[in-house]
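The structure appears right after this line, and notes come after that.
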Protein chains: 2
Amino acid sequence: MRATLLYGAGDVRIETVPDAVLSAPTDALVRVTAACICGTDLWPYESMPAGGAPAPMGHELIGVVEDVGAEVTGVARGDVVVVPWFNSCGSCEFCREGLYTACPAGGMWGYGPLGGGQAEAIRVPFADGTLVKLPAATDPALLPSLLTLSDVLGTGHHAAVSGGVAPGTDVTVIGDGAVGLLAVLAARRLGAQRIILMGRHTARTDLGREFGATDVVAARGAEGIEALRELTGGLGTRVVIEAVGSRAAYEQALGVVRRGGTISRVGVPQYEEAPIGMGSLFTGNVRLTGGAAPTRAYAGELLPDILAGTIDPGRVFDVTTGLDGVPDGYRRMADRKSLKVLIRP
Amino acid sequence: MRATLLYGAGDVRIETVPDAVLSAPTDALVRVTAACICGTDLWPYESMPAGGAPAPMGHELIGVVEDVGAEVTGVARGDVVVVPWFNSCGSCEFCREGLYTACPAGGMWGYGPLGGGQAEAIRVPFADGTLVKLPAATDPALLPSLLTLSDVLGTGHHAAVSGGVAPGTDVTVIGDGAVGLLAVLAARRLGAQRIILMGRHTARTDLGREFGATDVVAARGAEGIEALRELTGGLGTRVVIEAVGSRAAYEQALGVVRRGGTISRVGVPQYEEAPIGMGSLFTGNVRLTGGAAPTRAYAGELLPDILAGTIDPGRVFDVTTGLDGVPDGYRRMADRKSLKVLIRP
């Protein structure tokens, strides 16, 4: 089968690899009908040293179950399933409470023995604990939006939920990538009153406005902080969603959060240490929350809104390609020419 | 009047300073009947460079109102009042929501024009927004416990509240100083089921057990983390209260918090940067919360329990002295010979 492999920074290749096959009785074999490129994929795309083993890429996908192991009971051949970005056993105490990303047995696609999702097929371990089965005869036009349940919408929603967004909340969202824009959508859906989107790509912030942003701040750094504070009577907002992952974005969050407020991070941090002492979090009782989003836990809440057409998160996809177009898709996303690339293998 | 001044590390002096007097119509003049030495006082006591202006010390006190400015309406001459460690205007939006320590006009005793509380008297700005009036004819035997409303009990309670302690919660408390011990008491009061106290001073951890600790871990660092994880099935606890303020204590908190759990800090951080990325908070969705405790906000909830004798937080005081004994009190606390020193000026 064909799959996407990253050999090093800027070097994405589509190659023929051994077919995905069942190997455990709890596995499912899923034929990928749609996948996509994530902002997170861009970090290794921009920095991975060459010369080592290539990395299977892709962790957001939707597909059709082609075969299941003997112990799988929750899905069957022919089912259309969302494959969350993190697989999970479904039975440990973390899975039982919905924190699937803390499952000690689970993992992210493309690591260890796991294939990537930007491929024709994938072996899914713990099929019952991982897959989200979609209703039969789902309108194919909804497929892009349904695909966002795998990661990007669930992650935006996690940011809003972790930040404590509720009716009337004022929120800043830092980052106009797909996660940031869907954090806007999620915050609006949860009733946020004012949503200030910090981003400098007009086409993206325009979509952010359609998703519910009430204000846009294009400036960054100290200038951006000053602009946001001007908008908020000098105080900042009670919730700040950091949807980038850079240290600069975290520091921007520190600058725009109201005392007593919450910074909710969902951009995968590209730093380990950062300010959390008297000069940053402590004095103002600012909470720091968020983390790796257990998107499977949110599918049940978000799916009905997609099926009903109340939300249309699939609008974050601005390019659709086959596998052959994937290397170009990475380039386009890295160059900020595309917001998010949909792949139909 | 006599007051406590810190001239540099290890150099505490009791000196005669100008009498505290009213200077604004919103001021009160309070004759100090009881004050104490805080663990926070030990940081400058152990590190302040000599040669600069001396620092007025003390921020936890209780006293009798001796005079009030023309605009003060909430307290009057003769009232017995708790003076919270942070003064606050009482009318800004932060004060109105109870986050008194975020009051932009407020401040901590001993800084700027404000005197310290380890003195015979103190001028209290924003008397109506700061002071907590006690019922008339309060039993003098309760004075030590009432004094803890100023800071140490309210801070321990803030740690537990910010951590989300509720009936049935499992909690680790790092630090067997007075704040840590009263965090144990507060967690128990809020219904925590299991409270593991990490501390290595037996007399203190014994008091911690009386306050409600169910387990004690005396080991620190990697060994302490391993011991705690053994007690919790390898997982750590859902709430970890960090009541020390050192980076080592924060790192210990990272080591013992359960995935999906909360680290609540109330020890004033003696560091600015620390790990918060993939290797610490992010992957496991660990929340970081806490901060400068708005103890005034909690007096209304905690006072009745002290008056009723349900809780006896004053037990953290193991030495009582006059002002002359204050320098020795600092030495004893720095040497860990005293847990907390009560001062009767």
Side-chain angles (χ1 to χ4, degrees), chain A residues 43 86 92-95 97-104 108 158 161-164 233-236 238 242 245-247 250-251 254 258-294 297, chain B residues 40 43 86 92-94 97-104 108 158 161-164 233-236 238 242 245-247 250-251 254 258-294 297:
Chain A
W43 294 115
F86 195 94
C92 71
E93 68 170 271
F94 293 105
C95 286
E97 70 187 55
L99 191 58
Y100 294 104
T101 47
C103 173
M108 187 174 170
H158 183 60
V161 168
S162 301
L235 297 177
R238 284 175 199 263
E242 193 284 87
S246 67
R247 182 170 158 141
Y250 172 70
E251 289 178 352
L254 290 174
R258 185 182 181 279
R259 288 180 170 210
T262 302
I263 297 173
S264 180
R265 292 183 300 166
V266 287
V268 177
Q270 303 302 305
Y271 55 90
E272 187 56 42
E273 298 208 357
I276 62 170
M278 294 279 283
S280 46
L281 299 182
F282 192 86
T283 309
N285 274 277
V286 173
R287 276 174 295 278
L288 180 60
T289 183
Chain B
T40 305
W43 294 115
F86 194 94
C92 72
E93 68 169 272
F94 294 105
E97 69 186 55
L99 190 59
Y100 295 104
T101 47
C103 173
M108 187 173 168
H158 184 61
V161 169
S162 301
L235 297 178
R238 285 176 200 262
E242 194 283 88
S246 66
R247 180 167 159 145
Y250 173 69
E251 289 178 352
L254 290 174
R258 185 181 181 280
R259 289 180 170 210
T262 301
I263 296 172
S264 179
R265 292 183 301 166
V266 286
V268 177
Q270 302 303 305
Y271 54 90
E272 188 55 42
E273 299 209 356
I276 60 170
M278 293 280 283
S280 46
L281 299 181
F282 191 86
T283 309
N285 274 277
V286 172
R287 276 173 296 277
L288 180 59
T289 182

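Naming: A, B, ... by sequence-line order, numbering from 1 per chain. It should be emphasised that the depicted structure is a prediction, and the values quoted were computed from it without experimental measurement.
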- Can you pull the salt bridge (charged side-chain N to carboxylate O under 4.0 Å, His left out) pairs that have at least one residue in residues 283-294 of chain B, sequence neighbours excluded?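 Residue pairs passing salt bridge (charged side-chain N to carboxylate O under 4.0 Å, His left out), neighbours aside: none found.
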
- Message: According to salt bridge (charged side-chain N to carboxylate O under 4.0 Å, His left out), does anything in residues 268-277 of chain B pair up with another residue at least two apart or in another chain? List the pairs.
- Response: Arg247(A)-Glu273(B)

- Query: Between Gly290(B), Gly260(B), Ala274(B), Gly284(B), which has the largest tally of heavy atom pairs under 4.5 Å with chain A?
  - Reply: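 When all of Gly290(B), Gly260(B), Ala274(B), Gly284(B) are compared, Ala274(B) has the most.
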
Interface moiety of [X] toward chain A, non-hydrogen atoms closer than 4.5 Å:
X         : result
Ile276(B) : both
Ser280(B) : both
Ile263(B) : neither
Glu97(B)  : side chain

- Value rounded to 0.5 Å, distance of CZ in Phe94(B) from CG in Leu235(A):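 Nearest 0.5 Å value for the CZ-CG distance: 5.0 Å.
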
- So, does Asn285(B) use its side chain to make a donor-acceptor pair with the main chain of Ala292(A) at under 3.5 Å?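 Yes, the answer is positive, given that a donor and an acceptor are paired below the 3.5 Å cut-off.
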
- Note on the structure: Of Pro269(A), Ser162(A), Ala102(A), Gly291(A), the largest count of non-hydrogen pairs under 4.5 angstrom with chain B goes to Gly291(A)

- Message: On a heavy-atom basis, which atom in Val268(B) and which in Met278(A) lie closest, and how many Å separate them?
- Response: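 Val268(B) and Met278(A) have their closest heavy atoms at CG1-SD, 3.4 Å.
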
- Query: Where do Phe282(B) and Arg265(A) come nearest, in terms of heavy atoms and distance?
  - Reply: CE1-O, 3.4 Å

